[in-house]
Amino acid sequence: MVGLGCYVTSPQTITVLGATGSIGLSTLDVIARHSDRYKVFALTGYTRLNELEALCIIHKPRFAVVPTEANAEALDHKLKAAGLSTQILVGEAGLDEVSAHPDVDAVMAAIVGAAGLKPTLAAVRAGKKVLLANKEALVMSGSLFMQAVIKYGAKLLPIDSEHNAIFQCLPTGYEEGLSSKGVRRVLLTASGGPFRETPLDALRDVTPDQACAHPNWSMGRKISVDSATMMNKGLEFIEACWLFNAKPEQVEIVVHPQSVIHSLVDYVDGSVLAQLGNPDMRTPIAHALAWPERIESGVNPLDLFAVARLDFQKPDEQRFPCLRLAREAISVGGTAPAVLNAANEVAVEAFLGGRARFDEIPQIIEAVLQQETVSAVTDLECVMQADRHARGLASAWLERHGR
Ligand code: NDP
Ligand code: MG
């Protein structure tokens with residue numbers, strides 16, 4: 001039969017790195033609403049392997065990736081018993097394989113922390129559409145990462161709600177430089193986290209559960225602590241400079257406690273464009289998945305009458321020293337942001353494990369930044385070396401303080 005005037009396109013294949021996490025699950029929720037458009041190619045997990053098994057049974061991926069051979073054997077056994085033919089891959093090599101596989105169209109980079117850098121870069125170097133949630137990867141490797149995006153023709157779409165908002169409000173061609181496109185600055189909004197108004201001397205007694213109870217967003221524990229110290233906004237400040245080819249003075253942080261405006265772009269003619277929505281990561285995920293089209297995400301429509309008011313404040317760098325540390329790291333450049341990130345990861349883990357106080361997180365990072373020798377970023381190995389060395393210094397700080 002000819003002449004029906006329609007054609008069928010096959011669904012896009014998606015690898016979800018960090019499928020068992022908060023962003024991973026939100027991604028799978030959006031994908032499941034559009035099975036005609038998207039097919040899960042690979043899912044990866046690290047500790048929550050029962051959850052990974054359940055996700056495999058629902059989404060039937062071609063590959064799943066787990067950290068060890070023993071994990072692989074156990075999962076293989078269970079998935080075979082469930083009648084699945086999913087192939088199980090192991091460790092870093094497995095993550096790289098599902099990120100760069102020729103049959104993958106898009107990769108959701110949602111592993112938390114430095115562990116996500118190599119597979120995310122593998123996806124970039126394979127020229128994939130990369131949906132970037134793992135901001136630490138970009139903070140660590142900045143210039144290297146962005147050069148690879150250009151060299152290998154990858155399409156990089158921001159998932160971080162603020163950066164996704166800015167992306168939506170920027171003109172086309174912004175990559176050539178914001179000023180040349182009439183952009184004065186980008187305004188990065190921040191909720192201020194759960195301790196925006198907590199008396200300063202009470203911050204030393206904050207518990208991990210209090211730090212993880214974010215007023216507006218439901219997220220993994222590491223990023224929740226980062227939001228409470230505002231290191232999350234510090235990392236996002238660096239992320240914005242790289243993503244949008246912005247100078248640090250072109251990025252301004254605005255505390256906006258309601259988290260309804262996800263960020264803004266200020267133009268030289270006085271226009272300010274903003275993206276608004278309910279605080280639900282399925283909006284930026286659906287936007288990046290379907291870009292340049294729009295798809296339904298499952299997020300409720302924004303009710304401005306219920307929101308009623310929007311407040312704005314200047315960030316308080318005395319209360320949140322991590323903001324200053326991140327600003328200093330990007331202005332020093334080279335491996336300094338990788339050092340900042342690594343020290344933060346060790347400090348946050350120590351805090352979550354009860355080995356460091358909340359107010360010690362910035363102290364640890366500052367001590368490591370002061371001790372570490374910064375070098376230029378020439379290749380991935382020098383980033384990884386700075387990361388390892390900074391982790392060593394942060395651990396030494398903890399030991400010196402009897403933790
Ligand atoms: P979660 O802690 O909820 O999930 C992290 C994911 O990474 C899990 O799938 C985890 O596996 C996996 N993982 C952890 N360590 C390793 C490792 N060493 N090797 C391989 N996989 C690993 O974090 P989120 O989903 O909240 O955040 C993910 C990323 O997205 C972070 O970079 C965060 O900054 C960013 N982001 C998150 C937002 C959010 O709303 N949550 C918003 C904006 C950005 P397992 O669970 O099986 O151990
Ligand atoms: Mg964010």
Side-chain angles (χ1 to χ4, degrees), residues 15-29 42-56 64-68 71 75 89-96 98-99 108-120 130-140 157-167 188-193 212 214 216-227 230-240 243 253 256 259 261-263 275 277-285 288 299 341 344-345 348-349 352 387 391:
T15 282
V16 185
L17 301 173
T20 46
S22 165
I23 293 288
L25 293 175
S26 293
T27 304
L28 292 170
D29 180 280
L43 297 176
T44 87
Y46 194 63
T47 57
R48 289 176 271 195
L49 298 182
N50 288 336
E51 283 84 343
L52 183 65
E53 178 196 345
L55 294 173
C56 287
V65 185
V66 293
T68 69
N71 296 147
L75 185 61
L89 304 176
V90 176
E92 283 189 6
L95 294 175
D96 284 359
V98 297
S99 302
M108 166 56 79
I111 289 176
V112 61
L117 173 58
K118 283 185 180 163
T120 307
V130 178
L131 316 182
L132 184 72
N134 180 207
K135 66 193 89 185
E136 297 92 339
L138 183 57
V139 166
M140 289 172 75
L157 291 156
I159 293 298
D160 222 338
S161 56
E162 297 78 1
H163 305 73
N164 182 273
I166 293 165
F167 180 80
L188 196 62
T189 55
S191 70
C212 289
H214 195 280
N216 307 331
W217 296 95
S218 155
M219 308 179 287
R221 284 173 83 76
K222 191 264 180 182
I223 185 178
S224 296
V225 176
D226 284 350
S227 299
M230 283 195 83
M231 178 53 93
N232 183 48
K233 212 49 55 181
L235 298 175
E236 290 183 357
F237 181 84
I238 299 172
E239 182 186 15
L243 276 178
I253 297 170
H256 162 49
S259 298
I261 298 183
H262 298 306
S263 278
Q275 188 259 356
N278 286 319
D280 186 322
M281 288 307 293
R282 290 176 301 174
T283 294
I285 290 168
V299 176
N341 178 68
N344 180 55
E345 286 192 25
V348 170
E349 201 184 324
L352 284 172
D387 175 88
R391 281 170 200 272

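First listed ligand is number 1; within each ligand, the first listed atom is number 1.
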Test item: [X] side-chain N/O and [Y] main-chain N/O as donor-acceptor pair under 3.5 Å:
X: H256; Y: I261; result: yes
X: T15; Y: V98; result: yes
X: T189; Y: H262; result: yes
X: S259; Y: P279; result: no
X: N232; Y: I223; result: no

Worksheet item: So between A133, A137, S224, whose heavy atom ends up nearest atom 35 (C) of ligand 1?
Response: A133
Worksheet entry | Option whose closest heavy atom lies nearest to atom 2 (O) of ligand 1, chosen from K222, M219, R48 | R48
Worksheet item: Pick from V139, D226, V225: which one makes a side-chain contact (heavy atoms from CB on, under 4.5 Å) with N344?
Response: D226
Discussion item. Name the residue from I159, L157, T120 that meets the side-chain contact (heavy atoms from CB on, under 4.5 Å) definition with V130.
Written reply: T120
Would you name the heavy atoms of [X] and [Y] that are closest together and state the gap between them?
X: G193; Y: S191; result: N-OG, 3.0 Å
X: S26; Y: I285; result: CB-CD1, 3.6 Å
X: D387; Y: A114; result: OD1-CB, 3.7 Å
X: E345; Y: G113; result: OE2-CA, 3.1 Å

Which residue and heavy atom of the protein sit nearest [atom], plus the separation:
atom: atom 14 (C) of ligand 1; value: V112 CG1, 3.7 Å
atom: atom 48 (O) of ligand 1; value: T47 OG1, 2.5 Å
atom: atom 13 (N) of ligand 1; value: Y46 CB, 3.8 Å
atom: atom 43 (C) of ligand 1; value: D160 OD1, 3.1 Å
atom: atom 28 (C) of ligand 1; value: A110 O, 3.4 Å
atom: atom 29 (C) of ligand 1; value: I111 O, 3.9 Å
atom: atom 4 (O) of ligand 1; value: G21 CA, 3.2 Å
atom: atom 32 (O) of ligand 1; value: E136 OE1, 2.6 Å

Item to complete: To the nearest 10 degrees, could you say what angle the Mg ion (ligand 2) makes with OE2 of E236 and OD1 of D160?
Response: 90°
What part of [X], side chain, backbone, both or neither, has a heavy atom within less than 4.0 angstrom of ligand 1?
X: I223; answer: side chain
X: E51; answer: neither
X: S22; answer: both
X: M281; answer: side chain

Worksheet item: Do the charged groups of E162 and K135 touch, with an N to O distance under 4.0 Å?
Response: no
Worksheet item: Which single N/O/S atom of E162 lies at minimum distance from the Mg ion (ligand 2)?
Response: OE1
Using a plain distance cutoff, I'd like to know if [X] has any nitrogen or oxygen under 3.5 Å from a nitrogen or oxygen of ligand 1.
X: G220; value: yes
X: I23; value: yes
X: S161; value: no
X: W217; value: no
X: T44; value: no

Item to complete: In sequence, state the C-alpha distance, the side-chain angles, and the governing distance for V65 and L52, and then conclude on side chain to side chain contact (heavy atoms under 4.5 Å, CB included).
Response: CA-CA 9 Å; V65 185; L52 183 65; over 6 Å; no
Per-atom contacts of ligand 1 with [X], taking only distances under 4.0 Å to non-hydrogen atoms:
X: A115; value: 17 (C), 18 (N), 19 (N)
X: G45; value: 47 (O)
X: N134; value: 32 (O)

Fill in: Heavy-atom neighbours of E51 CD exceed 12 at 6.0 Å
yes
